[in-house]
Amino acid sequence: MSLPTILDVAEVRAVRRVSPSFVRVELGADSFAELGPDGPILDQRIKLVFPGVGGRLPVIEPTEDWYGAWLAVPEDERGSMRTYTIRDIVGEGVDTRMVVDIVVHDPGEHGESSGPGNDWARAATVGDRVLVLAPRRGHVYGGIEWQPGDATDLLIVADETAVPAVYGVLRDLPAGAHGTAYLEVPGTDDVLDDVVGPAGVEVVWLPRDGAERGAAIVDRVLERLDRTADAHAARLAHEAGVDDAEPVEDDGEDLVWETPVFSGAGEEVADATATAVDGPYAGLYAWIAGESRLVTGLRRRLVKDLGIDRRQVAFMGYWREGVAMKG
Ligand SMILES: Cc1cc2nc3c(=O)[nH]c(=O)nc-3n(C[C@H](O)[C@H](O)[C@H](O)COP(=O)(O)OP(=O)(O)OC[C@H]3O[C@@H](n4cnc5c(N)ncnc54)[C@H](O)[C@@H]3O)c2cc1C
């Protein structure tokens, strides 16, 4: 039985360091003629498996239990699986290419591995191969979290790992969309001019340039939310207990993943649409992705301190400082 998703070895067709922190690869495979979700790409996530010892990629039968089959491969031949985003799909037919922006980062201060994804991207050249798990047109795949419903005020917050997803979301927004995107990147040279949305969506870049991760972003987001709502009404609504959800504790190695339709912490998830929510933040939809502690901290501020309904917010840990991701 073949899989309703694409599970194929792809080849690097082009690679370019577009900025100090982003390596852009174009991956190609014959099966990519059918690549993509059926609708807009938005923040579509995919899996890449980087070669293991000796540069070999594992051979995995394309069946429903592809993940079990991958885990059954001896560890030193299995390679390393990581999650990325389809930034774009270009070309046609068998020349269809998947564009992926991979953030290159330095090894951690405690001498942790610099990461197989990072190492691969730094050295990538045309002809290199990687295993790709991605959506096939005409089949359900999942992996798109952008679900603003009828929201009229969009708040997007991302660090560099979620910039490719934000590029896709902004590109695919309707012309009348309204909101703000805050993008934190390592340095001024990592600001990418083509990350643009409709006229009503302001894009604010926050290069760290050596400052602490998240230092600027939290204040800017809170400032922005103050402007969105009547502060007095927000306080009263919160005191009346709009949302009593406890913040997710951030003491393990897990990534925070709390969206209107899924709770990684097991909280009850209501039949959620942004329009069902009243109060001073009615109409708001927030999509927040990046380093897990930054995301958890913002969740605490938005849900606990400001009383924003969790049905209006997607909080997604994309990676965690000091922790190597596992497939
Ligand atoms: C839905 C989703 C979509 C994603 N999309 C993208 C994408 O399009 N592009 C992209 O680059 N990443 C993306 N990521 C994040 C990516 O999966 C992680 O950064 C992953 O850890 C990279 O793997 P690695 O092999 O480089 O490092 P790992 O082996 O996972 O980690 C090794 C060490 O590097 C550190 N590290 C990992 N990433 C970074 C970083 N960016 N900066 C500094 N230190 C880091 C870790 O904390 C650890 O100490 C996405 C994640 C998710 C969940």
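Atoms within each ligand, like the ligands themselves, are counted from 1 in listed order. All values below were derived from every heavy atom in this structure, side-chain atoms included, with hydrogens, water molecules and symmetry-related copies excluded.
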S.K.: So is L255 polar-close to ligand 1, meaning N/O to N/O under 3.5 Å?
M.R.: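 Between L255 and ligand 1, no N or O pair is found under 3.5 Å apart.
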S.K.: Among V221, T180, V313, V204, find the residue that satisfies the side-chain contact (heavy atoms from CB on, under 4.5 Å) test when tested with V157.
M.R.: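 Of all the options given, the one that passes is V221.
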S.K.: Could you pull out, from W319, Y84, Y167, F22, the option with a heavy atom nearest to atom 22 (C) of ligand 1?
M.R.: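 Nearest option to atom 22 (C) of ligand 1, by heavy atoms: Y84.
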S.K.: Under a 3.5 Å distance rule, please check whether R82 uses its side chain to pair with a backbone N or O of M325 as donor and acceptor.
M.R.: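 Side chain of R82 to backbone of M325: a pair is present.
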S.K.: Would you mind listing which atoms of ligand 1 come within a distance below 4.0 Å of any non-hydrogen atom of G117?
M.R.: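 It comes down to these atoms of ligand 1: 24 (P), 25 (O), 26 (O).
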S.K.: Provide the number and element of each atom of ligand 1 under 4.0 Å from a heavy atom of E321.
M.R.: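 Selected atoms, number and element: 47 (O).
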S.K.: Under a 4.0 angstrom heavy-atom cut-off, which atoms of ligand 1 come close to D101?
M.R.: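 Counting from 1, the qualifying ligand atoms are 7 (C), 8 (O), 9 (N), 10 (C), 11 (O).
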S.K.: Looking only at heavy atoms, is any part of V323 under 4.0 Å from ligand 1, and if so is it the side chain, the backbone, or both, or is it neither?
M.R.: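 Backbone only.
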S.K.: Less than 3.5 Å apart, any donor N or O on the side chain of D119 or S114 sitting next to an acceptor on the other?
M.R.: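 Per modelled atom types, D119 and S114 side chains form a pair under 3.5 Å.
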S.K.: Using the salt bridge (Lys or Arg N to Asp or Glu O under 4.0 Å) definition, which of the options R13, R16, R97 pairs with E26?
M.R.: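 Option passing the salt bridge (Lys or Arg N to Asp or Glu O under 4.0 Å) with E26: R97.
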S.K.: Hey, could you give me each pair passing side-chain hydrogen bond (donor to acceptor under 3.5 Å, both in side chains) that has a residue in residues 42-56? Not counting sequence neighbours.
M.R.: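 Non-adjacent pairs meeting side-chain hydrogen bond (donor to acceptor under 3.5 Å, both in side chains): D43-W287, R45-E145, K47-T83.
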S.K.: Just which atoms of ligand 1 are under 4.0 Å from any heavy atom in R45?
M.R.: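 Under 4.0 Å from R45, ligand 1 has these atoms: 1 (C).
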S.K.: Judged on heavy-atom distance to atom 49 (O) of ligand 1, which of G322, G168, A158 sits nearest?
M.R.: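 The residue whose heavy atom sits nearest atom 49 (O) of ligand 1 is G322.
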S.K.: Identify, by atom number and element, the atoms of ligand 1 in contact range of I102, meaning under 4.0 Å from any of its heavy atoms.
M.R.: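 Those qualifying, in numeric order: 11 (O).
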S.K.: Have a look at M325, R320, H105 and point out the one with the heavy atom closest to atom 47 (O) of ligand 1.
M.R.: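 Result: the heavy atom closest to atom 47 (O) of ligand 1 is in R320.
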S.K.: Hey, does N118 come in under 3.5 Å of ligand 1, counting only N/O atoms on both sides?
M.R.: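 Between N118 and ligand 1 (N or O atoms, distance only) the closest approach is under 3.5 Å.
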S.K.: Only counting residues at least two apart or in another chain, list the ones meeting ring pair (Phe, Tyr, Trp, His ring centres under 6.0 Å) with W120.
M.R.: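 Testing W120 for ring pair (Phe, Tyr, Trp, His ring centres under 6.0 Å), a comparison that skips the adjacent residues, returns F50.
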S.K.: D159 and R320: salt bridge (Lys or Arg N to Asp or Glu O under 4.0 Å), yes or no, with the steps?
M.R.: CA-CA 12 Å; D159 76 3; R320 193 177 172 98; over 6 Å; no
S.K.: Could you tell me which atoms of ligand 1, counted from 1 in the order shown, lie closer than 4.0 angstrom to a heavy atom of P116?
M.R.: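 Counting atoms of ligand 1 from 1, those under 4.0 Å from P116 are 25 (O), 29 (O).
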S.K.: Can you check whether V12's main-chain N or O pairs, donor with acceptor, with D128's side chain at less than 3.5 Å?
M.R.: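 Here the side-chain-to-backbone pair does not exist.
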